[in-house]
Amino acid sequence: MVALTHIEAKIREFLKELESPLVLHLSAHLQQGKMLRSKLALSIAGESEECVRLCAILEMIQSASLLHDDVIDEATTRRSKPSINALFGDKNAIMLGDVLYSKAFSELTSFYEKYPTIPRIVANAVTTLAIGEMEDVELSCAFNAEEAKYLSMIEHKTAALIEATAYSAAFLAGKSAEEAQGFRLYGRNLGIAFQIIDDVLDIVSDSKTLGKPALSDFKEGKTTLPYLYLHSLLSAKEKERLENAFKKEIDAAEQAWILEQLKKSGAITKSVDVAKHLGKIGIEAIANQSCDKLIQIMREMIERDF
Ligand code: FPP
Ligand code: MG
């Protein structure tokens, strides 16, 4: 996709405008990810200058949120490379996040005149994702066995920005308010399913493929969907054993036991089935738009292995 390189160039252009050697030095160490949000927006609105600009803004917000998230999670790696907080410390990582996020917001105002809804959609999404991260921190304090709480948290933390991407790209594409709601629903379901698959990959993938240590969610205190389902299927004694391993550096034998239970109990399959079900709902929401690319994005996202 040629447009993805245009988006990266746009981000560099925005950062150069800040005339700060410090920002350029730190941001040179940022790793661009899969650019899911950009691929989604481009598939809906096409490769126009406006869409490239919107994508650059969304990717900068995404990068800012991950910079802050790595500080909160005390993560030392991001996409197989040392994280910015590991390289330059928490203070620099937080401030670089703030720079990316505030520059993205000032560029977002350029849409106001022609597409007044877009800045509001994106700004609201950032509030929601920050609230989602707070909920994630809160849920990580103790073993959480409530599926609804977990799903609501990931809808806020992860799906909000993906939903906003699809919703705002629909307005950019000239869709009616009613049609845009279909894209919004697609984006929300893509986002929730994306996080569920991420959570499954944390369990079933090796650390080399993931670019971070495997099985790190549970150790970090995240009772993701597979752990939640496993918990509901275990005997009282086994439940206690699982709860005891929560948020701890456990030995290889205990890790192997949890992994075996996750596979044997069907907890992983059940989680993937939930993601597939959400994928179907998302695709149904845009069924009248004959947009094959969005069907492909959903399918590839669910079938991915990193
Ligand atoms: C990754 O979660 C984190 C997010 C999806 C969102 C984080 C959001 C914030 C820190 C709020 C940012 C606020 C502003 C104003 C920019 P994860 O830890 O489950 O995923 P990971 O394994 O990739 O780290
Ligand atoms: Mg994290």
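In this chain, numbering begins with 1 at the start of the sequence shown. Counting starts at 1 for both ligands and their atoms, in listed order. These values consider heavy atoms only, across backbone and side chains, with no hydrogens, waters or symmetry-generated copies.
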Is any side-chain N of the basic residue among Lys157 and Glu133 closer than 4.0 Å to the acidic one's carboxylate O?
no
Lys219 and Asp202 ion-paired at < 4.0 Å:
no
Nearest heavy-atom pair of His68 and Ile94: which atoms, and what distance?
NE2-O, 3.1 Å
For the ring pair His231 and Phe143, is the centre-to-centre distance below 6.0 Å?
yes
Once you restrict to heavy atoms under 4.0 Å, what part of Asp198 touches ligand 1? Side chain, backbone, both or neither.
neither
When you look for heavy atoms under 4.0 Å from ligand 1, do you find them on the side chain of Lys157, its backbone, both, or neither?
both
Glu220 near ligand 1 by a heavy-atom separation under 4.0 Å
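Not so, Glu220 does not reach ligand 1.
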Does Gly97 come within less than 4.0 angstrom of ligand 1, counting non-hydrogen atoms of the residue?
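Checking ligand 1 against Gly97, which is what was asked, there is no heavy-atom contact under 4.0 Å.
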Against the six-membered ring of Tyr167, is Arg188 placed for a cation-pi contact (under 6.0 Å from the centre, within 45° of the normal)?
no
Within 45° of the ring axis of Tyr115 and under 6.0 Å from its six-membered ring centre, is that where the NZ or CZ of Arg120 lies?
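Negative - Arg120 is either too far from the ring of Tyr115 or too far off its axis.
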Flag the pair Glu303 / Glu300 as yes when at least one side-chain heavy-atom distance between them is below 4.5 Å, and no otherwise.
no
Heavy-atom distance under 4.5 Å between the side chains of Phe183 and Gln289, does that happen here?
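They are in side-chain contact.
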Tell me whether the count of non-hydrogen atoms from other residues, nucleotides or ligands lying under 6.0 Å of CG in Leu22 goes above 12.
no
Proximal ligand 1 atoms for [X], defined as those under 4.0 Å from one of its heavy atoms:
{"X": "Ala130", "result": "11 (C)"}
{"X": "His68", "result": "10 (C)"}
{"X": "Asp69", "result": "1 (C), 2 (O), 3 (C), 10 (C), 17 (P), 18 (O), 24 (O)"}
{"X": "Lys222", "result": "17 (P), 18 (O), 19 (O)"}

Taking distance alone, with N or O pairs closer than 3.5 Å, would you say Arg78 contacts ligand 1?
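For ligand 1, there is an N or O atom that lies under 3.5 Å from one belonging to Arg78.
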Examine Glu133 against ligand 1 and note whether any of their N/O atoms are separated by less than 3.5 Å.
no
What's the atom name of the N, O or S in Asp73 nearest to the Mg ion (ligand 2)?
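Within Asp73, restricted to N, O or S, the Mg ion (ligand 2) is closest to atom OD2.
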What is the name of the N/O/S atom of Asp69 that is nearest to the Mg ion (ligand 2)?
OD2
Who gets closest to atom 16 (C) of ligand 1 by heavy atom: Ser102, Ser140, Ala64?
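The residue whose heavy atom sits nearest atom 16 (C) of ligand 1 is Ala64.
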